[in-house]
Amino acid sequence: MEFDTFNVETAVLRQQGRNFADLGGDFSTASKRLQSTLEGLGEPWAEADFGEIFGEVYTPIRDGIFTSMDSLAERLQQIGYNLQDMARNYDASDTSNSGELNGLSGQL
């Protein structure tokens with residue numbers, strides 16, 4: 001009987017997990033910097049003829065984008081943490097299974 005098997009490279013999972021976590025952190029930093037810069041500009045359109053209408057349209061869209069960017073940063077980091085957890089779980093499972101198989105082979 002032939003069994004299909006698969007290998008999980010836990011070192012790769014861990015590294016990619018760190019990469020995702022770092023990416024999420026970098027994205028969060030860039031997002032905060034953008035938000036701070038835009039907030040620092042204030043409302044330069046306020047005195048224009050179209051200022052009130054522009055502000056009514058721009059502000060909720062801007063705030064929605066900020067919320068989305070913050071959420072994306074958190075989710076990227078969470079993907080990274082989940083990949084690292086997955087690597088730890090695979091390693092723990094392999095260690096446990098190896099110990100059980102060694103115990104069984106000793107009984108044969």
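Because the structure is predicted, anything quoted here is derived from the model rather than measured. Reckoned from all heavy atoms, side chains included, excluding hydrogens, waters and symmetry mates.
- More than 12 non-hydrogen atoms from other residues, nucleotides or ligands lie less than 6.0 angstrom from CD of Gln78.
- Taking CG from Asp63 and CG from Leu38, the interatomic distance works out to 10.5 Å, rounded to the nearest 0.5 Å.
- Going from atom CG of Asp22 over to atom CD of Gln16 covers 11.0 Å, rounded to the nearest 0.5 Å.
- A side-chain donor-acceptor contact under 3.5 Å links Gln15 and Arg18.
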Exercise for the section: For the pair Asp91 and Arg14, evaluate side-chain contact (heavy atoms from CB on, under 4.5 Å) and give the outcome as yes or no after the intermediate values. Expected result: CA-CA 11 Å; Asp91 284 341; Arg14 269 190 289 286; 2.9 Å; yes

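- For the atom pair CD (Glu56) and CD1 (Ile53), the distance works out to 7.0 Å, reported to the nearest 0.5 Å.
- Side-chain atoms of Asp70 and Ser28, non-hydrogen and from C-beta on, never get closer than 4.5 Å to each other.
- One side chain, Arg75 or Ser71, offers a donor N or O that lies under 3.5 Å from an acceptor on the other.
- In the displayed structure, Tyr90 atom OH is contacted under 6.0 Å by at most 12 heavy atoms of other residues, nucleotides or ligands.
- For residues 31-53, every residue pair satisfying the ring-ring contact (aromatic ring centres under 6.0 Å, His included) rule, not counting sequence neighbours, is listed here: Trp45-Phe54, Trp45-Tyr58.
- How far CG of Leu13 is from CG of Asn89: 10.5 Å, rounded to the nearest 0.5 Å.
- In this structure, the separation between CD on Glu43 and CD on Glu52 is 10.5 Å, given to the nearest 0.5 Å.
- A distance of 12.5 Å separates CD1 of Ile79 from CD of Gln84, quoted to the nearest 0.5 Å.
- Follow the hydrophobic side-chain contacts under 4.5 Å out from Leu76 and you never reach Tyr81; the two are in separate clusters.
- Note: the hydrophobic cluster containing Val8 does not contain Val12 (ILVMFWY, side chain heavy atoms under 4.5 Å, direct or indirect links).
- Ion pairing between a basic and an acidic side chain is recognised when a charged N comes within 4.0 Å of a carboxylate O; Asp85 and Arg88 show such pairing.
- Asn19 is not listed as a side-chain neighbour of Leu23, based on a closest heavy-atom distance of 4.5 Å or more.
- The minimum heavy-atom distance between Thr59 and Gly55, with the atom names listed, is OG1-O, 2.9 Å.
- Residues Met69 and Phe27 meet the side-chain proximity criterion, which asks for heavy atoms closer than 4.5 Å.
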